[in-house]
Each structure stands twice: as C-alpha cells, then as structure tokens.
Amino acid sequence: MAAPRPAPPPHLSRPLTFLFALAAGAAVANLYWAQPLLGVIADDLDTPTSTAGWLVTATQIGYAVGVLLLVPLGDVLDRRRFVPLMFLASAAALLLCALAPSIGVLLVALGVLGVTTISGQILTPLAGDLAGDADRGRVVGVVGSGTLTGILASRTISGLVSGTAGWRATYALAAVVAALLAVLLHRATPPLPPRARIPYPRLLFSVAAMVRRERAVRWTLVLAATGFAAFSLFWTALTFLLSGPPFHYPPTVIGMFGLVGLAGVLSGLRGGRLHDRGWSLPATGAAWALALGAFVVAAFGGRSLVLLVTVAVVVDVAFQTQALLNRARLFALAHEARSRLNTALATSNFIGAAAGSAAASTLWSVGGWSAVTIAGAGLGCLALTVWALGRRGPLVVVRAEPDPVT
C-alpha cells in the first residue's frame, strides 16, 4: 500500500495576498484616524486643542509598545489565530473610542488601540513565509503597499466620515471593519505548521541577540533608520514651507499633497520584483541616488509648486522602494525569525522617523528650507556611503544559521 502523500505546504494565492494588503492597510490606518479630527474632538469633549493633540501621541506610544512586546510573538504563536485576535482586540478598542465620554477615556482607548493594531507588522512576515522564494519580494511589496495606502487613505476617509456623521462614526465604522477582517482572515489563512516554543523573556531577548549576531541586520537597520529620518524630515518641513510665504496654503490643501504618495504605492507594487531578480542591492543604491538628487532639486525649487510636487513624487518612490528592499532582504536572512527581524526593522524605522521630525523643526527655525534640504542631502550622502561600503560585504545577506535561542 502506497504511503500517503504529504500535505502540500501553505501558499499565498493572489486573493489572499490582496486580503493581507487590505488588512495591513486597515490596521495601520487606526493610527491616523484622529489626525484631521483633533479640533472637532476637542470641541465635542470640551477640551483644549493642545490637550487633544496628545491623542495622536497616545496612539503612537501604544503602537511602539505593541511592536516591541507583541510582534515578536509572531515567531512562536499560531498566526492564523493571533492575527484575528489582534483585530478583535482593535475592534473593541475602536468601539471604546466611539463611545468615549471624556478626553481621558479616549486617551486610554487610543493607547490600547495602538498596542493592538500591530497586525500589519505580523501579516508582512507571514506573507513572506507563505510566499515562494521566487516571488517573495513581489508579495512583500504588495502587502507593504497596502500599509502605505492605509496611511494615505486614513486621513481622507476620516474627514469624509466625520463630516457626514460625526467623528465617533469614524471609529464605529473602523470597529466594524476590524471585526469583519478578523473573520475573513481566520477563514482564509491556510493552516500553518507548528512554531518553535520559546519562553517569552528569551523571545524578546533574541531580538537584540539577532541584531548583535548578524552584521547584515545592523547595516540594513542603519540604512532603514536613515531613510525614515530623511523621509520624515522632508514631509514635516514641507508642511512648514507650504503654510508660509509665498504659498500660504490652508491645511486642507497641504493635506492633498499626501496623495502624491500613491506614486510610492505603485513603486512598492513593482519594486519587489527587483529583489526577486537579485537586484536588491543595486536598486537600493539607485533609490538613494534618486533621493539625493531630489533633495538637491528641492533646494533650488522651494518657490516652485511644480518642482515641489515633482520632488515629492520622487521622494516617495525612492524611500518606498528602499524601505521595501530593506525588508525583503531581512526576510531572506532567517525564515524562522521574520517577526523578530520585523520588530527590529519597525523599531529602527520609528526611531528614524521621530528623529527626522524633530530635526525638521529645529532646522526650520535655524535656516528654513535651505537648512532642511542640505540636511536631507547630507543624509543621502551618508546612506550612499554606507551602501557603497556594504554592498559587497556587510549588506550581502547570507542565510543565517538556525536561531540559537530556539
């Protein structure tokens, strides 16, 4: 009697890839619903606008905690259950936001929402696990582009829904979407093989251990942090530029500039193929050269709307492409630790973005747009130096030995 054939390994179909991208975008959108609503929320809850500004901060702090403490669990838990559970927890937090009777309750609810809305950071490594080696870059690019789309679309959706039915309706609708996605993901995600059992303290420790052990991780994290610092520097300073002379644009018009980020989405959809074809490191260098050129043009185009729009498109394409390639290379390093690698990458990105925003304010007060673009060009030169030194050695990913922590 012939032995039974082993079950085929789980795979990621195109419909499931789209569902992952949609879910990742919906998850990250939860971080940004409040941004265009701060004034409306302040009026409704009878609180100063300065206090309402802490709503975004509370969500971001919660998200940072979730990335550090929960995302590594993706390497040990059954993600077919873990991801839907996180969406259900987000739905509960969103519902509490919609019903919050005071600013204090809303702050707590948004903090909890930030902790639980880390599903996108788990879905991306999961997509990398389910994808084949030949198309992993493309799949990671599609899911990553879903995340970027969620960031871009959240502010527009939030403004439209709140303008029609009030700010609480935004959170109520998001709660329904999160609950629906929990059901769809649980049903659509294929059964997954058992994960390694690692005690939780050792799991968290292993994130830092992998960074120390793998030189390619450390060098890639430097590039990633530099990229997000430059990206955040540009977009924060652009708000200052457009709100002052000679433009004097209102916030609604400035917000429309975010739509040029759709160019970054398209680059993410296509850029993953560069990794699949073995062009990851050359494409990373090209993306940084493009970013450097964009800052040079921006230095001379601070009074030209056409040049600024062009530069914004180029900046989005360059940084979305290099961010995708950084993630795809790290995911190729150790399949059993992709969630922990993603934790390190997300933390690095968060630190870089925060540093870029802070630097933008300081540089603007010191030297205006010229100081910002010089700093951006400096970051581009730094990244290209790191890339040039590492492209034949430290940045080359070699399949790591099995994680000793497991």
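Residue numbers run from 1 in the order of the sequence given. Please read all numbers here as calculations on a predicted model, not as lab measurements.
In this structure a side-chain-to-backbone donor-acceptor pair under 3.5 Å is missing from Arg391 to Val396. The closest donor-acceptor contact from the side chain of Arg80 to the backbone of Thr189 lies under 3.5 Å. With Tyr171 contributing its side chain and Leu99 its backbone, the two residues share no donor-acceptor pair below 3.5 Å. Side-chain N or O atoms of Thr117 include none that pairs as donor or acceptor with a backbone N or O of Gly114 at under 3.5 Å. Side-chain atoms of Thr343 come within 3.5 Å of backbone N or O of Ser339 as a donor-acceptor pair. Remark: the backbone N or O of Ala353 is paired with a side-chain donor or acceptor of Ser232 at under 3.5 angstrom. The main-chain N or O of Leu281 is found under 3.5 Å from a side-chain atom of Trp387 such that the two form a donor-acceptor pair. The backbone N or O of Ala42 sits nowhere less than 3.5 Å from a side-chain atom of Thr47 that would complete a donor-acceptor pair. Distance alone, capped at 3.5 Å, is enough to place a donor-acceptor pair between the Thr373 side chain and the Ser370 backbone. Counting only distance, with no hydrogens or angles, the side chain of Ser206 and the backbone of Ala209 share no donor-acceptor pair below 3.5 Å.
Taken from CZ in Arg215 to CH2 in Trp219, the straight-line distance is 7.5 Å, to the nearest 0.5 Å. Atoms CG and CG, on Leu184 and Leu16 in that order, are 11.0 Å from each other to the nearest 0.5 Å. In this structure, OG1 on Thr17 lies 11.0 Å from CG on Leu123, to the nearest 0.5 angstrom. The CG atom of Leu325 sits 11.0 Å away from the CG atom of Leu223 when rounded to the nearest 0.5 Å. One distance of note links CG of Leu69 with CG of Leu203; it measures 10.5 Å at 0.5 Å rounding. The CD1 atom of Ile198 sits 7.0 Å away from atom CG of Asp75, with the distance rounded to the nearest 0.5 Å.
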Worksheet item: What's the verdict on side-chain contact (heavy atoms from CB on, under 4.5 Å) for Leu241 and Leu238, showing C-alpha distance, side-chain angles and the deciding distance?
Response: CA-CA 5 Å; Leu241 178 67; Leu238 184 63; 4.2 Å; yes
Fill in: Verdict with supporting geometry, Leu73 and Ile122, side-chain contact (heavy atoms from CB on, under 4.5 Å)
CA-CA 9 Å; Leu73 291 171; Ile122 302 170; over 6 Å; no
Practice prompt. Apply side-chain contact (heavy atoms from CB on, under 4.5 Å) to Phe228 and Phe319, showing your working.
Written response: CA-CA 8 Å; Phe228 271 81; Phe319 287 118; over 6 Å; no
Worksheet entry | side-chain contact (heavy atoms from CB on, under 4.5 Å) assessment of Val217 paired with Leu341 | CA-CA 8 Å; Val217 174; Leu341 289 170; 3.8 Å; yes
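Shown here for Trp33 and Ser158, the closest heavy-atom pair between the two residues is O-OG, 2.7 Å. Annotation for Phe20 and Ala127: closest pair CD2-CB, 4.0 Å, computed over non-hydrogen atoms. Listed here is the closest heavy atom pair of Phe295 and Ala230: CZ-O, 3.7 Å. Scanning both residues, Ser119 and Thr116, for their nearest heavy atoms gives OG-O, 4.2 Å. A pairwise comparison of heavy atoms in Ser90 and Leu113 identifies O-CD1, 3.8 Å as the closest pair. Residues Ala346 and Val67 approach most closely at CB-CG1, 3.8 Å, considering heavy atoms.
Counted within 6.0 Å of CZ on Phe300, heavy atoms from surrounding residues, nucleotides or ligands total 12 or fewer; the atom is thus considered open.
Put simply, the side chain of Leu395 does not reach to within 4.5 Å of the side chain of Thr284, judged on heavy atoms. Here the side chains of Val211 and Arg218 are in contact, with some heavy-atom distance below 4.5 Å. Looking at heavy atoms from C-beta onward, Val314 lies out of side-chain contact with Val297 at the 4.5 angstrom threshold. Between Cys97 and Leu110, some side-chain heavy-atom pair lies under the 4.5 Å cut-off. Side-chain contact between Gln320 and Phe231 is absent, with no heavy-atom pair separated by less than 4.5 Å. Counting heavy atoms from C-beta on, the side chains of Met86 and Leu70 come closer than 4.5 Å.
The aromatic rings of Phe247 and Tyr249 sit tilted, their planes meeting at an angle between 30° and 60°.
Of the N and O atoms on the side chains of Ser280 and Arg329, at least one donor lies less than 3.5 Å from an acceptor on the other residue.
Using a 4.0 Å cut-off between charged nitrogen and carboxylate oxygen, Arg338 and Asp129 count as a salt-bridge pair.
Between Trp235 and Phe240, a ring centre-to-centre spacing not shorter than 6.0 Å is recorded.
Evaluated for a side chain to side chain contact (heavy atoms under 4.5 Å, CB included) with Phe331, the options Thr124, Leu345, Val139, Asn326 yield exactly one hit, Thr124.
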